[in-house]
Amino acid sequence: MSNVRVRFAPSPTGSTHIGTARTALFNWLYARRTGGVFVLRIEDTDKERNTQEALDELIDGLKWLGIDWDEGPGAEGEHGPYFQSQRNELYASYLKKLEEAGRTYEKDGAIYFKLEGERYTEFDKYVGAEVEKVKTQPVVIDDLIRGNVTRREERDFVIQRSNGDPSFHFVNVVDDIAMKITHVIRGEDHLSNTSKHVELFNAFGVEPPKFAHLPMILKNPKDGKGKMSKRDKGALIAEYKDRDFLPEAVRNFIALLGWSPKDDQEILSIEELVERFSLDDVQKGGARFDEKKMSHINFEYMKAMPVEAYANSASSALRKAGLIDDATDQDYLVSCLKVCQEKIDSFENLPGFAAYFFSDDYAINEKAEGKVFKKGDAITRIQEITPVLAALEDWTEASLEGAFNQLAESLETKPFAWFPVVRFAVSGTNSGPDFLPMLEILGKERVLERLKKTEEKYA
RNA sequence: GUCCCGUUCGUCUAGUCAGGUUUAGGACGCAUGGAUUUCAUCCAUGAAACAGAGGUUCGAAUCCUUUACGGGACGCCA
């Protein structure tokens, strides 16, 4: 086992964002790749904004994606507790160290970290006021993705708020020290904070960890500019779960946001991800989220599923649409889904695609309706085929094919003279699974009944 | 405004660190054609990019400079 220790440190203040999930995934992959330890630490120092729901959703999302943690809530280790709200004694002791070293001062009830260097006052345009600045030595951030980044911190910052709560920068560093974190993998939005953190590590006399700042996930330009926010379409992990996306597909897709295996392989199992992941191969530039590609990857996974697993996942979508319930025959369900699997690219579209298998109350596609009745012989075709099908004793794909062929021969035409109209009559549309298997699955009774209904309706 | 980071097809990216094997590769999407009773499926083909300008070099997507553009940070939020 290596000595690598990484942490994912979310703050439970809202729905879990796709970027948050990616940060978690990359940390997890790095830990698994290197044989290190993955720590989940909950940064709940902001009592006003933390919620239990957000925490539940976060944990739920991680589990859904197959991300587990070696230390963290529910997996207590020697560095716990893993909620920052329970670590105040530790923070107090570290604060004392800084106080004793003369690196703090109080102002307006808050405690500030005091930078080292010559002090001067300057009008700051951004702040819009005179502020005190410090001529500090530049700090070098050792970043595994970007190389060395040099930055200078020039203003003291708050490490304990006037309400007594320690601030993010402070607890983040203290915990990384206390939890012996070796690699900090987080979003690029933290890159400019990192100089503050390095200042703190230095003040504690501790060698800073290696950093790896992941590129931002950017908005689709039609949603505006900048990084993707929780309000943007497709931004929330819970949304994918609700829409019955496959977790392994979502995981595969977000792994590809800013990282690639460097060859043409795009579909990667979790084992392959672990085996091939490397921080060296992480992209520097921001990545834009593309829902179409996400759907494509999801479809690839859907096609590759064993039928039983497919039926299992599909059931959730069909249940939500009220098409099936506990009474639905499993064998029938499986045979229906078998013919749909190759054709339909998402579970959320499945109910619309396959409703007629489970209900007589299915939608009529008007375009298909127009097409089928344009020729004017549709009703005749139905009247021709109905007695033939009614007389058929053996209701299988093969015998159906024979029946259509025979009729076609006797009328000197092709069997597919009847296909579109019969398909429309039994399904309300002109597209769907292969025709003959579909008839076989629907069954004689249902097919005849729908033919009759159609004849009456359009006669 | 200041500082930091970035920039290869519309999008995700390979190639960049170790300059020549590149008519810059793959995938999504798009277009066209085909298979098919049909299709949201499948197959084939195509259009499509090294941000601009200088430089170094026999040779630059690859190295350097610079401009432009994009992103991030600048909270008693994390």
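Every value quoted in this text rests on a predicted model; they were computed, and no experiment measured them.
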Quiz item: Below 6.0 angstrom between ring centroids: does that apply to A:Phe289 and A:Phe253?
Solution: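 Close enough - the centres of the two rings lie under 6.0 Å apart.
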Answer with base, sugar-phosphate or nothing: what part of the nucleic acid does [X] contact at a heavy-atom distance below 4.0 Å?
X	result
A:Phe353	base
A:Gly432	base
A:Lys227	sugar-phosphate
A:Phe416	sugar-phosphate
A:His190	base
A:Asp46	sugar-phosphate
A:Lys343	base
A:Asp434	base
A:Ser11	sugar-phosphate
A:Asp108	base
A:Thr150	sugar-phosphate
A:Asp189	sugar-phosphate
A:Arg155	sugar-phosphate

Exercise. Report, as a single string ordered 5' to 3', how protein heavy atoms within less than 4.0 Å touch nucleotides 11-28 of chain B: B base, S sugar-phosphate only, - not at all.
Key: SBSSS---------BBBS
How many Å lie between [atom1] on [X] and [atom2] on [N], as a whole number?
X	N	atom1	atom2	result
A:Phe299	B:G29	CZ	P	10 Å
A:Glu342	B:C42	CD	P	8 Å
A:Gln341	B:A40	CD	C1'	15 Å
A:Arg146	B:A73	CZ	C1'	13 Å

Quiz item: Is it the case that A:Lys114 places NZ or CZ above or below the six-membered ring of A:Tyr105, under 6.0 angstrom from the centre and within 45 degrees of the axis?
Solution: no
Quiz prompt | Face-on cation placement of A:Lys414 at A:Phe416 ring, 6.0 Å and 45° thresholds | solution =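 Verdict for A:Phe416: no cation-pi partner in A:Lys414.
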Quiz item: Under the 3.5 angstrom rule, does the side chain of A:Ser315 hit a backbone N or O of A:Ala311 as a donor-acceptor pair?
Solution: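 Checked: pair present.
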Self-check item: Under 3.5 Å donor-acceptor, A:Ser167 side chain and A:Val158 backbone
Solution: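 Yes, the answer is positive, given that a donor and an acceptor are paired below the 3.5 Å cut-off.
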Strand partner of [N], provided both Watson-Crick or wobble distances fall under 3.5 Å:
N	answer
B:U37	none
B:U66	B:G52
B:U22	none
B:G46	B:C30
B:U2	B:A73

Is there a donor-acceptor contact under 3.5 Å linking the side chains of [X] and [Y]?
X	Y	result
A:Asn349	A:Arg243	no
A:Trp418	A:Glu384	yes
A:Asn202	A:Arg103	no
A:Arg423	A:Thr429	no
A:Tyr458	A:Glu369	yes

Exercise. Please work out which residues in residues 118-135 of chain A have a non-hydrogen atom less than 4.0 Å from an atom of RNA chain B and list them by number.
Key: A:Lys125, A:Tyr126
Quiz prompt | Distance test, side-chain N/O of A:Thr45 to OP1/OP2 of B:A78, below 4.0 Å | solution =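 True: A:Thr45 side-chain N/O within range (under 4.0 Å) of B:A78 OP1/OP2.
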Self-check item: Between B:A47 and B:G33 - C1' atom distance, rounded Å
Solution: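 Their C1' atoms lie roughly 15 Å apart.
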